[in-house]
Undergrad: 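Have a look at the structure that comes next, please.
Just so you know, residue 1 is the first one in the sequence shown, and it goes up from there. No hydrogens, no waters, no symmetry mates; every other heavy atom, side chains included, goes into these values.
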Amino acid sequence: MSYALVFAMILTGATVVLATGGIALSDAQDSAEAQRAEHTMTLFDSRAAMVALGESGSQSVSFGQDSGIFETRPTDGYLMIKHTNYDGAGADIELYKEALGAVVYENGERELAYQGGGIWRKDAQGDAQVISPPEFHYRGATLTLPVVRVDGHASGSGSVTARITGATRAEIVYPDASETYPGPSRQYLNPIREGEVSVYVKSDYYRGWATYFRERTEGEVTVFDSNQTVKVKLKSIGGAPGEFDMPDEGSSLPVEGFGGPLNEFEITLTATKTGNGNGKGRQFTESHWSFFSDQGGDQFEIHIKTDGSTKCTSDDPSGDLDGDVGLSVYYYNSSTDTSHEWVNSGIDPNDPDTAIDADCENKQLAIDFMSENTNLTYEDIDDVENVPGGSNKWEFGDNINSREAPATLTDHPEGFAKGEEDSVKDVLNYYMSRMGINYDLTVTDGPGNNNNNNNGKGSGRIDEGESYGTLLYDEDASGQYITYLHVTDNEITVTIDS
């Protein structure tokens with residue numbers, strides 16, 4: 001073999017090694033560049049959120065890239081919120097529709113973008129992935145959506161600095177009492193009582209948005225490839241609680257998908273142990289206990305009350321309960337500014353035909369809210385003997401004292417006048433339906449404190465830990481959808497300095 005041939009082979013091998021090594025080095029550099037870009041864009045995301053959501057007036061981020069182009073695209077994509085069948089007769093309305101905009105970094109076939117409060121990565125095939133989630137918080141029946149939009153016309157390459165300033169912050173979109181639906185006067189208020197709410201996002205990164213919605217929300221996701229749009233119909237998964245352990249004071253029983261009517265609603269309240277804890281000292285004297293809800297602006301409270309003489313016969317613990325038990329229902333209609341107050345302060349717990357049954361042997365009161373034999377009277381609660389409306393006994397006691405129930409309930413389909421009666425079952429059915437599809441019934445127990453009950457909470461009369469109940473109702477198909485919207489508009493301006 002000649003020296004020339006050997007030299008040629010060596011030269012060829014060296015060239016191959018250098019070329020291969022050069023490709024590997026280039027790939028490594030590209031990978032490092034991409035990782036730096038992702039890290040910096042994630043930092044941009046967090047600082048943009050500080051400005052958009054009001055924690056800071058302005059922020060800046062330095063992009064120390066060796067290559068690539070940064071630019072703002074204020075008209076890229078949009079976010080729309082649509083309320084379909086809002087009137088129950090098929091009418092639709094766009095509650096919100098604005099351009100999202102984006103801050104985009106491009107380097108060859110790689111693309112990163114900040115849009116809607118999230119970071120998105122798109123590959124050469126057009127598939128997008130979420131790197132950092134957008135500002136879209138969906139839990140249960142509530143959507144909290146601070147829409148973050150980008151404005152500004154700027155671009156730069158290589159090492160640049162992006163400056164972020166706030167343009168619009170927390171501008172209310174929904175609920176907004178100053179806005180109304182078409183037709184009969186109906187404000188943009190929670191809870192949403194008719195139809196369904198969907199969010200549409202048109203974006204170059206729509207496939208990433210679709211993946212995020214599928215993995216992180218409970219909605220029905222539809223993708224429209226033809227116009228790069230994704231739709232998520234917001235659903236709240238839930239239903240009737242059935243048999244339940246009583247929540248502690250301050251905790252709640254979720255009512256989800258309420259369509260009505262009530263099929264079963266009863267609770268058993270157990271008196272708190274006193275003395276040495278053997279239960280012999282349990283009594284219901286001066287007890288006040290409530291389920292209440294104040295979601296969506298309306299107020300609702302079911303109140304059970306006993307007076308100072310209500311106790312089991314001392315010489316026969318398994319005998320009758322001395323004294324009557326009061327049952328009252330309060331509802332405030334925020335739309336009409338009307339107080340509805342229903343009272344029965346003289347229910348005999350020893351009469352098996354009434355809504356309340358006493359079990360002195362086990363120191364329990366069983367309340368059947370489906371009773372048709374016990375009536376409530378429409379009249380002012382604070383005017384009725386033995387049912388005071390003190391704020392330490394009722395959750396809405398101050399409001400009850402300051403608001404007078406009208407002579408006639410013009411906002412009730414039956415138009416009740418003061419002094420007229422309705423059954424416990426009918427009263428509960430009506431007002432639980434009025435509260436909407438999804439809400440919480442929260443326990444309050446007062447007045448006073450007792451360390452034997454709920455670590456110092458409550459009146460010391462009712463032991464929620466030994467109390468329980470059953471709640472069943474017909475579930476409406478629409479009950480699985482969103483009920484509470486909290487949407488704000490937030491815009492940031494982004495400039496880029498080389």
Side-chain angles (χ1 to χ4, degrees), residues 29-79 98-123 127-137 144-171 201-209 211-213 216 488-498:
Q29 289 173 336
D30 287 348
S31 178
E33 184 83 354
Q35 289 178 1
R36 273 201 310 274
E38 281 193 17
H39 173 76
T40 309
M41 287 293 277
T42 302
L43 180 62
F44 177 91
D45 178 23
S46 64
R47 293 188 178 177
M50 292 173 63
V51 175
L53 304 182
E55 294 182 26
S56 174
S58 64
Q59 290 284 316
S60 62
V61 179
S62 296
F63 292 83
Q65 304 302 117
D66 296 328
S67 59
I69 297 174
F70 294 89
E71 64 177 347
T72 57
R73 299 177 182 175
T75 61
D76 270 20
Y78 65 73
L79 186 144
E98 293 289 345
L100 282 172
V103 177
V104 181
Y105 166 73
E106 286 183 312
N107 191 350
E109 295 182 340
R110 291 189 174 94
E111 183 174 323
L112 292 171
Y114 169 84
Q115 185 181 68
I119 302 296
W120 313 90
R121 179 176 59 210
K122 188 168 71 171
D123 60 24
D127 289 329
Q129 296 177 311
V130 58
I131 303 301
S132 178
E135 294 290 345
F136 190 97
H137 311 287
T144 303
L145 175 55
V147 181
V148 180
R149 300 187 292 111
V150 172
D151 192 18
H153 299 269
S155 64
S157 59
S159 182
V160 299
T161 298
R163 303 190 185 280
I164 312 160
T165 56
T168 301
R169 286 179 178 156
E171 186 173 288
V201 176
K202 178 177 173 57
S203 170
D204 289 341
Y205 319 102
Y206 73 102
R207 292 181 182 174
W209 281 92
T211 299
Y212 172 79
F213 288 146
R216 303 287 290 275
T488 58
D489 184 69
N490 308 268
E491 185 180 62
I492 58 174
T493 300
V494 180
T495 58
I496 296 175
D497 302 326
S498 300

Undergrad: Walk me through whether T168 and E171 qualify under side chain to side chain donor-acceptor pair (under 3.5 Å).
TA: CA-CA 7 Å; T168 301; E171 186 173 288; 4.9 Å; no
Undergrad: Please enumerate all residues that pass side-chain hydrogen bond (donor to acceptor under 3.5 Å, both in side chains) together with T144, with sequence neighbours excluded.
TA: none
Undergrad: Is the shortest side-chain heavy-atom distance between T488 and R169 below 4.5 Å?
TA: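 Of all side-chain heavy-atom pairs linking R169 with T488, none is under 4.5 Å.
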Undergrad: Is it the case that the side chain of D76 and the backbone of G101 share a donor-acceptor pair, with hydrogens and angles ignored and the cut-off at 3.5 Å?
TA: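 Not a single qualifying donor-acceptor pair exists.
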Undergrad: Distance-only, no hydrogens or angles: does the T72 side chain make a donor-acceptor pair with backbone N or O of G152 under 3.5 Å?
TA: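 Checked: pair present.
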Undergrad: Please name all residues satisfying ring-ring contact (aromatic ring centres under 6.0 Å, His included) with F63, sequence neighbours left out, ordered by chain then number.
TA: F70
Undergrad: Can you list everything that forms a salt bridge (Lys or Arg N to Asp or Glu O under 4.0 Å) with D489? Sequence neighbours excluded, please.
TA: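 D489 satisfies salt bridge (Lys or Arg N to Asp or Glu O under 4.0 Å) with R149 once adjacent residues are dropped.
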Undergrad: Is there a donor-acceptor pair closer than 3.5 Å between any side-chain N or O of D151 and the backbone N or O of P74?
TA: no
Undergrad: Rounded to the nearest 0.5 Å, what separates atom CG in L112 from atom OG1 in T40?
TA: 9.5 Å
Undergrad: Could you pull out the closest heavy-atom pair between D45 and S132, with the gap in Å?
TA: OD2-OG, 2.6 Å
Undergrad: Any chance you could measure Y105, atom OH, to I119, atom CD1, to the nearest 0.5 Å?
TA: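 Going from OH on Y105 over to CD1 on I119, the span is 13.5 Å.
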Undergrad: How long is the gap from CD on E106 to OG on S155, to the nearest 0.5 Å?
TA: 11.0 Å
Undergrad: Under the rule for ring-ring contact (aromatic ring centres under 6.0 Å, His included), what residues qualify as partners of F44, not counting sequence neighbours?
TA: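 Only Y114 meet the ring-ring contact (aromatic ring centres under 6.0 Å, His included) criterion with F44.
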Undergrad: Is the backbone of Q115 close enough, under 3.5 Å, to the side chain of W120 for a donor and an acceptor to pair up by distance?
TA: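 Yes, because the side chain of W120 sits within donor-acceptor range (under 3.5 Å) of the backbone of Q115.
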Undergrad: Who are the ring-ring contact (aromatic ring centres under 6.0 Å, His included) partners of F136, not counting sequence neighbours?
TA: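 ring-ring contact (aromatic ring centres under 6.0 Å, His included) check on F136 returns F213.
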Undergrad: Can you name the closest pair of heavy atoms from A52 and N490 and give their distance?
TA: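 In terms of heavy atoms, the two residues are closest at O-OD1, 3.3 Å.
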Undergrad: Taking the side chain as everything from C-beta on, heavy atoms only, tell me whether R216 gets closer than 4.5 Å to V130.
TA: no
Undergrad: Who passes salt bridge (Lys or Arg N to Asp or Glu O under 4.0 Å) against R163, sequence neighbours left out?
TA: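 Result, salt bridge (Lys or Arg N to Asp or Glu O under 4.0 Å) vs R163: D497.
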Undergrad: Minimum heavy-atom separation for T165 to S58, with atom names?
TA: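 Where T165 meets S58 most closely, the heavy atoms are CG2-CB, 3.9 Å.
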Undergrad: Could you give the distance from CG (L100) to CG (D204), rounded to the nearest 0.5 Å?
TA: 11.5 Å
Undergrad: Report yes if the side chains of E111 and V104 come closer than 4.5 Å at any heavy-atom pair, otherwise no.
TA: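 Touching, per the 4.5 Å side-chain cut-off.
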Undergrad: If you round to the nearest 0.5 Å, how far is CH2 of W209 from NZ of K202?
TA: 14.0 Å
Undergrad: Is I69 atom CD1 crowded by more than 12 heavy atoms from other residues, nucleotides or ligands, each under 6.0 Å away?
TA: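 No, the 6.0 Å shell around CD1 holds no more than 12 heavy atoms from other groups.
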Undergrad: How far apart are the closest heavy atoms of R47 and S60, and which atoms are they?
TA: NH1-O, 2.7 Å
Undergrad: Can you tell me how far CD1 of I131 sits from CE of M41, rounded to the nearest 0.5 angstrom?
TA: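 It comes to 10.0 Å.
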